Enquirer: 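Can you keep this structure in mind? I'll have questions shortly.
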Amino acid sequence: MSINQTQIAQQVVESILAQKLAPGERLGEQELADLFGVSRTMVREALMQLQARGFIEVRPRRGWYVVEPSVEDARDAFSARRIIESGILAEAGRPLQSVIPRLRAHIAEERQAIDAADAATRSFLLADFHVCLAEAMGHRTLSDMLRDLTARTTLAASLYQSRHEAAQSCAEHAAIVEALEAGDTALARERLLAHIGHVESALNPDQPLVRDRLRDSLTPLAASRAATGA
């Protein structure tokens, strides 16, 4: 099956969400072209898309690299997430019961990945919960924005060795959904903001971590969604 530059870019973002691509990791054009079975021209177009979205940078005479967000960049991304995600809940006008089954199913997948010690799928699903919430509430445009923002905060969590436990994130997601199911959007919003704050405060900016892998990093995830979102 043929693949285009947008799908390549999407796979890179999903690998960032799964913490399979690390900040500072080099993305070789030829290696990517061989991996995806496409031309270097198409790879370059995908990398340029990612550069425009703030995920990739060009280092003179060295090539393409996953960005290493500064502490200020991370704080800004978390702040943007607070505004968007709390706004989604504040503007919730549709019957919330219609979104609960999808969110509960997502949390069940999170727990399964945690129990199976599947680190990549676990990381992807925990980040994707926020995208899933936006989509379930009918906000496709905001869900695309959140996908990029959660990928940026995931890079920060990887670089600054977040101390936030996966089980804690999953439990906090479940608490948000419980409040929504009870029809208490104010409590859901309060819990959502607290959760984002917990993730941000768990960053350890004094101990950045950089690793260097590519081929295994871009192995597609069974849990990943199509580029169009589902």
Side-chain angles (χ1 to χ4, degrees), residues 10 13-14 16-19 53-55 69 71-111 113 122-160 162-203 223-225 228-230:
Q10 185 69 12
V13 172
E14 289 178 353
I16 288 172
L17 287 167
Q19 292 190 337
R53 292 165 66 182
F55 293 118
V71 174
E72 292 75 17
D73 291 336
R75 301 300 185 207
D76 184 62
F78 277 111
S79 178
R81 282 186 55 187
R82 285 190 189 89
I83 293 169
I84 293 174
E85 296 189 55
S86 64
I88 287 172
L89 293 185
E91 294 296 323
R94 59 185 296 180
L96 295 179
Q97 295 304 317
S98 64
V99 310
I100 299 302
R102 179 175 178 183
L103 296 176
R104 285 206 174 278
H106 195 284
I107 291 171
E109 291 179 0
E110 291 179 13
R111 289 175 176 147
R122 177 187 67 204
S123 176
F124 176 85
L125 288 170
L126 289 172
D128 195 55
F129 170 81
H130 300 269
V131 180
C132 182
L133 177 61
E135 288 183 346
M137 301 293 284
H139 296 284
R140 291 192 61 185
T141 299
L142 291 180
S143 69
D144 289 339
M145 295 174 64
L146 274 177
R147 184 175 288 105
D148 280 11
L149 286 170
T150 53
R152 292 185 187 190
T153 54
T154 297
L155 281 174
S158 178
L159 179 61
Y160 299 116
S162 173
R163 298 180 294 268
H164 199 260
E165 295 291 336
Q168 181 183 352
S169 279
C170 184
E172 290 172 356
H173 292 168
I176 293 166
V177 175
E178 287 171 3
L180 289 174
E181 189 170 25
D184 193 339
T185 55
L187 179 59
R189 183 174 178 272
E190 177 184 326
R191 289 177 174 177
L192 175 65
L193 290 172
H195 166 62
I196 295 173
H198 294 159
V199 176
E200 181 178 10
S201 64
L203 299 183
S224 67
R225 297 216 280 263
T228 57

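What you see is a predicted model, and the numbers here were worked out from it, not measured in a lab.
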Enquirer: Going by the rule side-chain contact (heavy atoms from CB on, under 4.5 Å), which residues pair with Ser86 if we only count those two or more places apart in sequence or in a different chain?
Expert: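 Ser86 satisfies side-chain contact (heavy atoms from CB on, under 4.5 Å) with Arg189, Leu193 only.
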Enquirer: Where do Leu203 and Ala74 come nearest, in terms of heavy atoms and distance?
Expert: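 Scanning both residues completely, I find the closest heavy atoms to be CD1-CB, 4.2 Å.
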Enquirer: When you compare the side chain of Val177 with that of His173, does any pair of heavy atoms fall below 4.5 Å?
Expert: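 In short, these two side chains do not touch, never coming nearer than 4.5 Å.
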Enquirer: For Arg75, check side chain to side chain donor-acceptor pair (under 3.5 Å) against everything at least two apart and list the hits.
Expert: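 Only Glu200 meet the side chain to side chain donor-acceptor pair (under 3.5 Å) criterion with Arg75.
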Enquirer: Between CG of Leu149 and CZ of Arg147, what distance do you get to the nearest 0.5 Å?
Expert: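 Atom-to-atom, Leu149:CG and Arg147:CZ are 11.5 Å apart.
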Enquirer: Got a sec, which pairs hit salt bridge (charged side-chain N to carboxylate O under 4.0 Å, His left out) with one end in residues 176-186, sequence neighbours left out?
Expert: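 Sorted result for residues 176-186: Arg104-Glu181.
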Enquirer: Asp148: which residues meet the salt bridge (charged side-chain N to carboxylate O under 4.0 Å, His left out) condition with it, sequence neighbours left out?
Expert: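 Result, salt bridge (charged side-chain N to carboxylate O under 4.0 Å, His left out) vs Asp148: Arg53.
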Enquirer: List the atom of Ala113, the atom of Leu125, and the distance in Å for their closest heavy-atom pair.
Expert: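 Of all heavy-atom pairs spanning Ala113 and Leu125, the closest is CB-CD1, 4.2 Å.
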Enquirer: Listing request: all salt bridge (charged side-chain N to carboxylate O under 4.0 Å, His left out) pairs with a residue in residues 163-176, at least two apart in sequence or in separate chains.
Expert: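 Those involving residues 163-176 do not exist here.
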Enquirer: Report the residues that fulfil side-chain contact (heavy atoms from CB on, under 4.5 Å) with Arg152, sequence neighbours left out, ordered by chain and then residue number.
Expert: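 If we apply the side-chain contact (heavy atoms from CB on, under 4.5 Å) test to Arg152, skipping adjacent residues, the hits are Phe55, Ala77.
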Enquirer: Just to verify, what does Thr154 make a side chain to side chain donor-acceptor pair (under 3.5 Å) with, not counting sequence neighbours?
Expert: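 Thr154 satisfies side chain to side chain donor-acceptor pair (under 3.5 Å) with no residue once adjacent residues are dropped.
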Enquirer: Within a strict 4.5 Å, meaning less than it, do heavy atoms of the Leu180 and Leu133 side chains meet?
Expert: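 Yes - at least one pair of side-chain heavy atoms lies under 4.5 Å apart.
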Enquirer: Supply the atom-to-atom distance Leu155 CG to Asp73 CG, rounded to the nearest 0.5 angstrom.
Expert: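 That separation rounds to 10.5 Å.
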Enquirer: Closest approach of Phe78 and Ile196, non-hydrogen atoms and distance?
Expert: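 For Phe78 versus Ile196, the nearest heavy atoms are CD2-CG2, 3.8 Å.
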Enquirer: Would you name the heavy atoms of Leu103 and Cys132 that are closest together and state the gap between them?
Expert: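 Looking at all heavy atoms of both residues, the closest pair is CD2-SG, 4.0 Å.
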Enquirer: List the atom of Arg111, the atom of Cys170, and the distance in Å for their closest heavy-atom pair.
Expert: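 The pair with the smallest heavy-atom distance is CG-SG, 3.4 Å.
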Enquirer: Looking at side-chain heavy atoms only, is the closest gap between Ile88 and Leu146 below 4.5 Å?
Expert: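 They are in contact (side-chain heavy atoms under 4.5 Å apart), so the answer is yes.
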Enquirer: List for me each residue that meets side chain to side chain donor-acceptor pair (under 3.5 Å) alongside Arg81, sequence neighbours excluded, and say none if there are none.
Expert: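 Here the qualifying residues are Glu85, His130, Thr153.
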Enquirer: Please round to the nearest 0.5 Å and tell me the distance separating atom CG of Asp128 and atom CG of Leu17.
Expert: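 Here the rounded value is 7.0 Å.
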Enquirer: Out of curiosity, Leu126 CG to His106 NE2, how far, rounded to the nearest 0.5 Å?
Expert: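 Between Leu126 CG and His106 NE2, I get 8.0 Å after rounding to 0.5 Å.
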Enquirer: Which pair of heavy atoms, one from Ala136 and one from Val99, lies closest together, and at what distance?
Expert: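 For Ala136 and Val99, the tightest heavy-atom pair comes out as O-CG1, 3.1 Å.
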Enquirer: Roughly how far apart are Ser123 OG and Ile16 CD1, rounded to 0.5 Å?
Expert: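 Taking OG in Ser123 and CD1 in Ile16, the distance rounds to 11.0 Å.
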Enquirer: Do the non-hydrogen side-chain atoms of Gln19 and Arg122 ever get within less than 4.5 Å of each other?
Expert: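 No, side chains not in contact.
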Enquirer: What distance do Leu192 atom CG and Phe129 atom CZ have between them, rounded to the nearest 0.5 Å?
Expert: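 Atom-to-atom, Leu192:CG and Phe129:CZ are 7.5 Å apart.
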